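Read through the structure below, which is laid out as structure tokens, and then see the notes.
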Amino acid sequence: MKARVAIRFRTGVLDPEARAIEKALANLGFTGVRGVSRTRIIELELEASDRDAAEAEVRRMSETLLANPVIETYSVTIAER
Amino acid sequence: MRAAVVTFPGSNCDRDLRVAMERVFARPVASLWHAETELPPLDLIGIPGGFSYGDYLRCGAIAARSPIMAEIARLARRGVAVLGICNGFQILTEAGLLPGALVRNLRLSFVCRPVRVTVVTASSPFTNAYRPGRELLLPVAHHDGNYVLEAEELARLEEEDRIAFRYLDNPNGSTADIAGVLGPGRNVLGMMPHPERACDPLHGGEDGIALFRSLLATLT
């Protein structure tokens, strides 16, 4: 089973790198950009066969290590294959 | 004074911190490897600067979950003094021993220069040898020193007098110019500037010495 965790800054936390990308786009003449945000994707290959158990486990991993809940939010997607 | 400095894979200020402590404390400072889980009796634990685990995932994230940190968290709750400098500050926030988080510097550049900070509170084991309001010149060297804190948390820090140092010329975008904060019990300090690099005339300044003198006066 494959899991994908998408991690991004919480609303209200300024991401200096996203802001730099936005400025660079404006400098290149792309004037229609109203906002840039970045999301980090972490993909996991899991032994689990139960989808709900796998999702719960990946949520625990996200809370414990993959995301920092002080500044980040995350979402988990499970893809069976 | 029984003090120790922790080394993680990628720490690079551990020796500097030990040397600074040993000079002021006039006794040996132990060295602890991050995999250790049984620690000797200690009054002070130093978590040094560097690039633990190559800053992978988030600065300090992996070190904060290494075996020794559970024991350090337990000792911190029992009142043992814990000093985290630079990457050590990042590790302490990641471990939940200090509020907030440290993210990429606002102007994105790595900042490596002496900065001016003021001592905000002298009411801590780390700062009691300073006069509040005193201006210090301390080196910083970091890419991720931008201290992010929610408004309510900032209000709490101010109300509880837990801001230890503020930048005079904020080098990294930190909320409210915060350069160092105390934990709820005042026995945990995290700071981005390096006091251990301002302890000798040849360092270019000695403004960091009083921090170690404060600890010596309080913990012995």
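The model shown is predicted, which means the values in this text are computed figures rather than measured ones. Each chain gets a letter, A, B and so on, in the order its sequence line appears, and its residues count up from 1.
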Among B/A61, B/P99, B/G100, B/G173, residue most engaged with chain A (heavy-atom pairs, under 4.5 Å): B/G100

Among B/L108, B/V148, B/V103, which has the most heavy-atom pairs under 4.5 Å with chain A? B/L108

Got a sec: does the CZ of B/R134 have more than 12 other heavy atoms crowding it under 6.0 Å? yes

Please report the closest heavy-atom contact between B/R65 and A/L65, naming both atoms and the distance. CD-CD1, 3.4 Å

What part of A/I42 gets closer than 4.5 Å to chain B, counting heavy atoms only: side chain, backbone, both or neither? side chain

More than 12 non-hydrogen atoms from neighbouring residues, nucleotides or ligands closer than 6.0 Å to CZ on A/R38, yes or no? yes

Between A/P16 and B/L106, what is the shortest heavy-atom contact and its length? CB-O, 3.6 Å

Surrounding CD of A/E55 (heavy atoms of other residues, nucleotides or ligands, distance under 6.0 Å), is the total greater than 12? yes

Is it the backbone or the side chain of A/I71 that comes under 4.5 Å from a heavy atom of chain B, or both, or neither? side chain

Does atom CD of B/E135 have more than 12 heavy-atom neighbours, drawn from other residues, nucleotides or ligands, at distances under 6.0 Å? yes

With a 4.5 angstrom heavy-atom cut-off, could you sort out which part of B/N105 is near chain A: side chain, backbone, both or neither? backbone

For A/L66, does its backbone N or O pair with a side-chain atom of B/R58 as donor and acceptor, under 3.5 Å? yes

What part of B/L57 gets within 4.5 angstrom of chain A, counting heavy atoms only: side chain, backbone, both, or neither? both

Tell me, yes or no, whether the heavy-atom count around B/Y56 atom OH, taken from other residues, nucleotides or ligands under 6.0 Å, exceeds 12. no

For the CZ atom on A/R10, are there more than 12 heavy atoms of other groups (residues, nucleotides or ligands in this structure) within a distance under 6.0 Å? yes

